[in-house]
Amino acid sequence: MGFEFHVNDVDRVVVIELAGDISETEVVEMRARTIDLLAEVGPRDFVVDMSAVASIAGQKTFAAYELGKDFRKIDFPVSVKTAIILPISPSARRQAEFLHTVELNRGRGLLKYVANYDDALRWFRSA
């Protein structure tokens, strides 16, 4: 289905909303847009709302592994914090957790699962 970016200048965060079936190509495009946006707006923390995601990369485990493995290649700053609102769908949730585990095992920066946007802001302010 896709993704949308929103910059919240008041809270100094970027919100990425994902919904539906997210393809491997869309993940790559989203990551490229993330790096471009950081260059435009400067360092910001990220809230990634995946609650409406139905699947990632067609539920293919190897594809999720490869996407996680390739995360460091985009040069996402390790200092940037990312709060994730996990998918409601149990299968998409498991896949997202697997993808993030692979990313974290390869040197991704701080990441935390949160229930909502307000929880994300509390974490950003406390960390």
Grab the two heavy atoms, one from N8 and one from R44, that are nearest each other, plus how far apart they are. O-NH1, 3.9 Å
If you take all heavy atoms of V78 and G107, which pair is closest and at what distance? CG2-O, 4.1 Å
Are D11 and Y117 linked by a side-chain donor-acceptor pair shorter than 3.5 Å? yes
Could you measure the distance from the CG atom of L18 to the CD1 atom of I84? Nearest 0.5 Å is fine. 9.0 Å
Here the pair of heavy atoms bringing S23 nearest to E26 is N-OE1, 2.9 Å
Run the salt-bridge test on E40 and R33 with the 4.0 Å N-O cut-off and return the result as yes or no. yes
For F98 and A64, which heavy atoms make the closest approach, and how far apart are they? CD2-CB, 4.0 Å
F5 and E17: CA distance, side-chain angles, deciding distance, side-chain contact (heavy atoms from CB on, under 4.5 Å) verdict: CA-CA 7 Å; F5 282 76; E17 295 178 349; over 6 Å; no
Between CZ of F124 and CG of D45, what distance do you get to the nearest 0.5 Å? 4.5 Å
What one should report as the nearest heavy-atom pair of A96 and L86 is CB-CD2, 4.0 Å
Dump the intermediate steps for side-chain contact (heavy atoms from CB on, under 4.5 Å) on I85 and V47, then the final yes or no. CA-CA 8 Å; I85 302 169; V47 177; 4.2 Å; yes
Stepwise side-chain contact (heavy atoms from CB on, under 4.5 Å) check, L37 with V7: CA-CA 9 Å; L37 192 59; V7 178; 3.9 Å; yes
So which atom in A54 and which in D21 form the shortest heavy-atom distance, rounded to 0.1 Å? CB-OD1, 3.4 Å
Where the side chain of D9 meets the backbone of R12, is there a donor-acceptor pair that is under 3.5 Å apart? no
Measuring from atom OG1 of T61 to atom CD1 of I56, what distance do you get when rounded to the nearest 0.5 angstrom? 11.0 Å
In terms of side-chain geometry, is the basic nitrogen of E97 or R94 positioned less than 4.0 Å from the acidic oxygen of its partner? no
Derivation and outcome, side-chain contact (heavy atoms from CB on, under 4.5 Å), residues I16 and E4: CA-CA 6 Å; I16 306 173; E4 291 184 20; over 6 Å; no
Sub-3.5 Å donor-acceptor pair from the side chain of R93 to the main-chain atoms of I88, do we have one? no
Looking at NZ of K73 and CZ of R106, how far apart are the two atoms once the value is rounded to the nearest 0.5 Å? 11.0 Å
Would you give the length of the straight line joining atom CZ of R72 to atom CG of N105, rounded to the nearest 0.5 angstrom? 13.0 Å
Closer than 3.5 angstrom, by distance alone: can the side chain of E103 be matched with the main-chain N or O of G68 as a donor-acceptor pair? no
Examine F46 together with F76 and report whether their ring centres are nearer than 6.0 Å. yes
